[in-house]
Amino acid sequence: MRTIVIGGGVAGPAIALALRQIGHEVTVYEAYEVPVEEVGAHFSLAVNGLRALEKLGCLDDVRAAGFPIDRMRFHTGGGRLLGDVPRLRRGADPMRSVALQRGRLVALLRRAALDAGALIVTGERLVGATESADSVVAEFASGRRETAELLVGADGIWSTVRGLIDPSAPRAEYAGLYGVAGISTMTGVEPGVWDLTYTRNGAFVYTSIDERTQWWTAQIADPVKPDLRGVDDARWLRRVTELFPEAMPRAMVGAATSIVASGCLNVCDPVAKWHSGRMILVGDAAHPVGVGHGASMCVEDALELAAALSGTPTVPAALEAYDATRRPRIDKLLKHGHNARESKRPGAVKRQVNAAKMRVLLPFFERAQGYLYDYEPPSLPAEDGARSATR
């Protein structure tokens, strides 16, 4: 079966790789031609995402490209420890979450998809699509037209495919937070720990990936969406230093060697309609969950969609089955993401309330979030044994 995938970030090549495993002919179309290694900052993969990557045959490469993170710790602005829990896993799980640069993950997934026989075309922006009973025609800004039996919208929170499936679908909006990510060089910071400090102007997150190198992100609360264009490293460092006078953020920013990324955090109301007869949304196009789980959910989506297509006789029925399987898990995570974003908004009273809540809730952290890490990804049939949807 021929499938078109729109979007070449994390979700797109993961989808391509999973669909190649069940025998689909897959082409990924990406609007931008920027080298993927230069896109995005650092982020984390939870153990459920790592197990999904293992099913796609990418786990060893991803581990080699990143750094294991064992614990996560939460602090007040004054440096008082609120709690210490396992990072994106259950405490008894021998697997560790991995921190890596987003561009490295995208590059690895694209290479794996190409090696599996998928095609990746850059510089082509989708502008329209027309469905019939047995096919979908994708239309690109260049005038290019492609026909397939299935179109997958893996085109992120600003998804074009979402609006094609449902013109009344919600649009992404600024979430009242923006982020600046950098790299610092300090000694005396314990490696393998993800630390978050709640500050007067947002939250400051840092991870020491080895004895000397830290990756950090300043998550800044601002009700007015800022213009982030043309801000050089020196100006960013001055701005972050002014906004984060607390001891550890100030020391970390003072030891910065570079700024690697900046951007606004955006949110989208729940998307009621994930699919039509021949088009389906995955990843942030369907459910921008955030809170350290976005990439993991993209890889889970890839396997679940491929499993639905391999076990269902028609494309429309497969898309219905995928929706029914994924939505309950995603709905729970969307609520968690909303609460996590709200905790990073400033205010003296709110900071005190959040600290009190954290002290009460952190002992139950694993019980509350363990369902995320218990996920077992489906195994896909070998290509010659796959019974993929054909109509």
Side-chain angles (χ1 to χ4, degrees), residues 1-20 24-36 38-40 102-103 106 109-110 113-114 118-174 225 228-229 263-264 266-288 294 298 301-302 305 309 315-316 318-319 322-323:
M1 187 168 80
R2 171 139 174 73
T3 297
I4 292 170
V5 178
I6 305 299
V10 174
I15 289 286
L17 187 55
L19 294 184
R20 284 298 300 147
H24 284 218
E25 178 187 346
V26 185
T27 302
V28 178
Y29 290 95
E30 165 58 42
Y32 297 99
E33 296 186 274
V34 178
V36 293
E38 299 177 10
V39 176
R102 179 173 294 275
V106 174
L109 290 172
R110 286 193 187 183
L114 289 169
L119 298 177
I120 298 178
V121 180
T122 60
E124 289 285 359
R125 182 180 297 277
L126 183 79
V127 294
T130 304
E131 292 182 87
S132 66
D134 57 4
S135 68
V136 56
V137 179
E139 304 167 13
F140 297 89
S142 65
R144 183 174 188 156
R145 293 166 61 90
E146 296 290 344
T147 301
E149 284 74 49
L150 172 65
L151 186 146
V152 180
D155 49 345
I157 194 169
W158 300 103
S159 174
T160 297
V161 180
R162 187 194 304 135
L164 296 175
I165 290 174
D166 179 8
S168 66
R171 297 177 180 271
E173 297 179 347
Y174 174 57
K225 185 176 181 178
L228 306 182
R229 296 172 296 179
C264 292
N266 301 292
V267 293
C268 185
D269 287 342
V271 179
K273 191 172 183 180
W274 285 2
H275 66 89
S276 56
R278 294 279 167 178
M279 296 192 288
I280 181 79
L281 300 173
V282 298
D284 283 355
H287 48 71
C298 287
D301 284 357
L305 179 58
L309 288 163
V315 169
L319 303 190
Y322 168 83
D323 190 309

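Take A286 and apply the side chain to side chain contact (heavy atoms under 4.5 Å, CB included) test, not counting sequence neighbours, and it matches W274, L281. In this structure, the salt bridge (charged side-chain N to carboxylate O under 4.0 Å, His left out) partners of E146, at least two apart in sequence or on a different chain, are R2, R144. Contacts of T130 classified as side chain to side chain donor-acceptor pair (under 3.5 Å), with partners at least two apart in sequence or in another chain: E139. In terms of the side chain to side chain contact (heavy atoms under 4.5 Å, CB included) criterion, residue partners of D269 (sequence neighbours excluded) are, by chain and number, P170. In this structure, D155 has no salt bridge (charged side-chain N to carboxylate O under 4.0 Å, His left out) partners at least two apart in sequence or on a different chain. For A16, the side chain to side chain contact (heavy atoms under 4.5 Å, CB included) partners are V26, V28, A113, A118, not counting sequence neighbours.
Put simply, CG on L114 and CD1 on I120 are 4.0 Å apart, with the number rounded to the nearest 0.5 Å. To the nearest 0.5 Å, atoms CE (M1) and CG (L309) are separated by 5.0 Å. Here the straight-line distance linking atom CG of L19 with atom CG of L150 works out to 7.0 Å at 0.5 Å rounding. Rounded to the nearest 0.5 angstrom, S276 OG and E131 CD are separated by 3.0 Å. In this structure, E124 CD and E33 CD are separated by 8.5 Å, a value rounded to the nearest 0.5 Å. Going from atom CD1 of I165 over to atom CG of L151 covers 8.0 Å, rounded to the nearest 0.5 Å.
Geometric assessment of R125 against the ring of Y29 yields a negative cation-pi assignment under the 6.0 Å and 45° thresholds.
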Quiz item: Is there a side-chain contact (heavy atoms from CB on, under 4.5 Å) between L305 and L319 once you walk through the steps?
Solution: CA-CA 8 Å; L305 179 58; L319 303 190; 4.0 Å; yes
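Nearest heavy atom pair, residue A154 against residue A11, reads CB-CB, 3.8 Å. The two atoms that bring Y322 and I280 nearest to each other are CD2-CD1, 3.7 Å, heavy atoms only. Here the shortest heavy-atom pairing between A285 and R162 reads O-NE, 3.0 Å. Shown here for V315 and G277, the closest heavy-atom pair between the two residues is CG1-O, 3.7 Å. Summarising the geometry of I15 relative to V152, their closest heavy-atom pair is CG2-CG1, 4.2 Å, with the distance given to 0.1 Å.
When atom types are taken as modelled, the side chain of R278 and the backbone of A148 share no donor-acceptor pair closer than 3.5 angstrom.
Looking at I4 and V136, their side chains never come closer than 4.5 Å, going by heavy atoms from C-beta outward. Looking only at side-chain heavy atoms (C-beta outward), L228 and C264 come within less than 4.5 Å of each other.
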